[in-house]
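Hydrogens, waters and symmetry mates are skipped; everything else that's a heavy atom, side chains included, is used.
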Amino acid sequence: MAHTRRRKSNNPDRFLNDVCEVLQAYVHQGNHLAVGLSGGVDSVVLLDVLATLSRQMSFRLSAAHVNHGISKHAVSWSHFCCQLCSAYGVPVSVFYLKINKAPGLSLEAAAREERYRIFSRLHADYLILAQHQDDQAETVLLQLFRGAGVKGLSAMPVMRKQAAKTAPAILRPLLSFSRGAIEAYARHRRLNWIHDESNDNVTFDRNFLRHEILPVLRQRYPNYAKTLQRTSQHVAEASQLLDELAEADAKHCVVSGNLNSAALRELSLPRAKNLLRYVLRQHAVKLPSTVKLDEILNQLRTARNDAQLHLTFGDTEIRAFKELIYILPRRKLPPKPVQISWQGEPCLKLKALDGNLCFEHIVGQGISEEKLRRAPVLIKLREGGERFSPDCNRPRRSLKNLMQEAAILPWERFALPLLYCGERLVWVPGIGIECEFQAGPEEKGVVPEWRPEQYGQKTF
C-alpha cells in the first residue's frame, strides 16, 4: 500500500503528493471528509493539505472543533479555528463540552472519550485525524507500559471503522509522517497555529514520554519512531490472525446465535480467552481488566450446566442459561411494586422497564374491548404464583410453567409488563391472552405489543 512506503517526507514539496497517495487508497469522488481541528500545528497542516486536495480529488470538506472547556484559552482557540476555516472557505462546527471525570479515569482520557463521542455523531464518510508517526510511537510505548495485549500494541491503524454503523470511518493520513516533516511543511507554507499549554504538562503520561523519555531514546536510537511503527504493524498482523482464529472458533462454538459454554470448555485456555475477547468487542463492549477477564472466563468454563450464572462489569452483564451465554447491557431490576393505569393511550412509555407498551385496535383480534371496560386496566410486574389460561382447550396453569415452555429467559420473567383487568391477569408478552378475554371474530379487539428499548438478547 502507498501509505507504508518510506519517502523523504521532510521535503515540503513532496508532502502534499505523499498525503494524496494515502487518501487515494480510501477516498472517492464526492465523499464527505470532516477534519478534526484542534488548532495545533498537526491539525492545521492537515486542514491546509485537505483544502488543497479537495479541489484535486473532488471531495467535500468540513471541520469539527471540540471545545473541552478545560483551558482558560479554550474560547480563543475556538475563535482561531473558526477564522481559519473561514479563510479556507471550509464550513466548521464547534462542539462545547463539560468534562465529568469518572472515578479511575484521567482527565485526559475523559476528554478523549467525550471527543470521540462527538466525532461518532458527525455526518460524513470519513473523520480525518492528524495523528502522526511520533504519536504512534508514543501510543505503542504507553500501551506497553499498561500491559496491553496485541490489540492495544497494534496502536492506531490508518483507517478504522467505528462501532456505530452511522459513524464516519476514522482515517489518519499522516501516520507515516514524522512530527519534523509536519512542522517543516507548516513553516514552508507559513501557517499559523496555537500552542496548547497542557502539552507541556509532564504530569500527563504522554507528555512525560514526549518531553522526558523520548529525547533520551532519540540520542541512542534516532529512528525509534519508525522502528516502533514497524513493530505496531507486525503486531497488527498478529492481531488480525487472532481475529480470524476467533471467527473460525465462533463457527463451532455458537448455537442459536449464542456462545455455547460446553464448546468454550473444549478450547484451550488461550483460544477460549481470545474468542471471549473477540465476542465482547463484537458487542462494542469495553473490555474488562485482564484479571477480571480471567475471572469471567474461569466461571464460564467451570459453571454447572444448570447454573444461572450472572456476571457484571462496567455497563455489561453476562448471563449463562442452559449452556448458552448471553452478553447484555447492564440494567437495574425494575422497582416493585409497578402499577400503571392504562386509559386508552396508543403507547405507554414504561421507564422502569426500559420499553414501550403499545396498543392497536383490530376487529376479531386481541383482547375484547367490551370486557376490558368492566374494570380498571393496570400494568403490573410478575410477583409469583400467577395462573393463566391462554389456551381455551387446556386448564389454567402456573405462569411460571408457561414462561418456561415459551423459552422466556429467567432474568426477563420478572421484568415483563403484565396486563390486568381488575384482579384478572389478561395478557402476558410472549405467552398470549387469557381465554375468557379473547375477542370474538366480529368483536372489536385491542392487540398489545411490548417493545423493549436497547435491551434484550444480543447474539454473535
Side-chain angles (χ1 to χ4, degrees), residues 164 256-258 283-285 308-322 324-362 365-369 371-372 375-390 397-434 437-438 445-460:
S256 301
N258 298 289
H283 282 73
V285 169
Q308 295 185 20
L309 197 64
H310 181 204
L311 308 171
T312 61
F313 63 93
D315 296 326
T316 303
E317 61 185 30
I318 296 178
R319 292 184 180 267
F321 179 65
K322 292 185 177 180
L324 293 182
I325 297 168
Y326 301 80
I327 298 173
L328 307 163
R330 190 174 183 177
R331 70 171 180 179
K332 297 179 181 179
L333 290 174
K336 289 187 176 181
V338 169
Q339 183 166 302
I340 300 170
S341 175
W342 180 56
Q343 305 290 340
E345 301 92 335
C347 277
L348 286 175
K349 186 173 182 63
L350 306 182
K351 293 183 179 180
L353 304 182
D354 295 323
N356 296 290
L357 182 57
C358 296
F359 303 86
E360 187 176 0
H361 297 267
I362 303 176
Q365 295 184 34
I367 308 167
S368 166
E369 284 190 17
K371 292 179 180 177
L372 277 182
V377 178
L378 302 172
I379 292 96
K380 302 180 184 180
L381 291 179
R382 180 184 168 210
E383 295 181 355
E386 296 89 353
R387 300 189 68 80
F388 195 54
S389 179
R397 305 172 61 202
S398 74
L399 183 56
K400 176 181 178 180
N401 289 340
L402 289 169
M403 286 185 163
Q404 289 174 344
E405 289 181 4
I408 296 176
L409 297 170
W411 53 90
E412 295 179 349
R413 296 173 190 171
F414 285 91
L416 291 174
L418 309 184
L419 193 69
Y420 282 79
C421 182
E423 297 299 320
R424 291 294 302 277
L425 177 58
V426 172
W427 172 78
V428 180
I431 303 293
I433 298 168
E434 170 66 33
F437 281 79
Q438 293 173 10
V446 177
V447 180
E449 181 185 2
W450 171 232
R451 302 173 184 172
E453 290 182 353
Q454 299 179 344
Y455 185 85
Q457 178 179 336
K458 284 190 177 180
T459 60
F460 43 88

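Between I318 and F313, the closest heavy-atom pair is CD1-CE2, 3.9 Å. Taking all atoms of both residues into account, the shortest heavy-atom contact from I431 to P390 is CG2-CG, 4.0 Å. Contact detail for P417 and I379: the closest heavy-atom pair is CB-CG2, 3.6 Å. The shortest non-hydrogen separation linking L357 to P448 is CD1-CB, 4.4 Å. The two residues P429 and I408 have their closest heavy-atom pair at O-CD1, 3.8 Å. When all heavy atoms of A406 and G430 are compared, the closest pair comes out as CB-O, 3.9 Å.
Residues E369 and H361 meet the side-chain proximity criterion, which asks for heavy atoms closer than 4.5 Å. Counting heavy atoms from C-beta outward, I340 and L378 have side chains that stay 4.5 Å or more apart. F321 places a side-chain heavy atom less than 4.5 Å from the side chain of W411. Here the side chains of V446 and W342 are in contact, with some heavy-atom distance below 4.5 Å. You'll find the side chain of V428 stays beyond 4.5 Å of the side chain of L402, heavy atoms only.
Between K371 and E434 there is no salt bridge, since none of the side-chain N atoms of the basic residue sits less than 4.0 Å from a carboxylate O of the acidic one.
The backbone N or O of I433 sits less than 3.5 Å from a side-chain atom of Q438, completing a donor-acceptor pair.
Taken to the nearest 0.5 Å, the OG1 atom of T316 stands 9.0 Å off from the CG atom of L328. Within the model, atoms CD of E317 and CD1 of I327 stand 11.0 Å from one another, a figure rounded to the nearest 0.5 Å. In this structure, the separation between CZ on F388 and CG on L425 is 5.0 Å, given to the nearest 0.5 Å. Here the CZ atom belonging to R319 is positioned 9.5 Å from the CG atom belonging to L409, to the nearest 0.5 angstrom. With rounding to the nearest 0.5 Å, the separation of CG in L418 from CD in E383 is 9.5 Å. With rounding to the nearest 0.5 Å, the separation of CE in M403 from CZ in F414 is 8.0 Å.
More than 12 heavy atoms of other residues, nucleotides or ligands shown are found within 6.0 angstrom of CD on E405.
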Subject >> Verdict with reasoning, V426 to V377, per side chain to side chain contact (heavy atoms under 4.5 Å, CB included) >> reply: CA-CA 9 Å; V426 172; V377 178; over 6 Å; no
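Checking R382, E386, R387 one by one against K400, the side chain to side chain contact (heavy atoms under 4.5 Å, CB included) holds for a single residue, R382.
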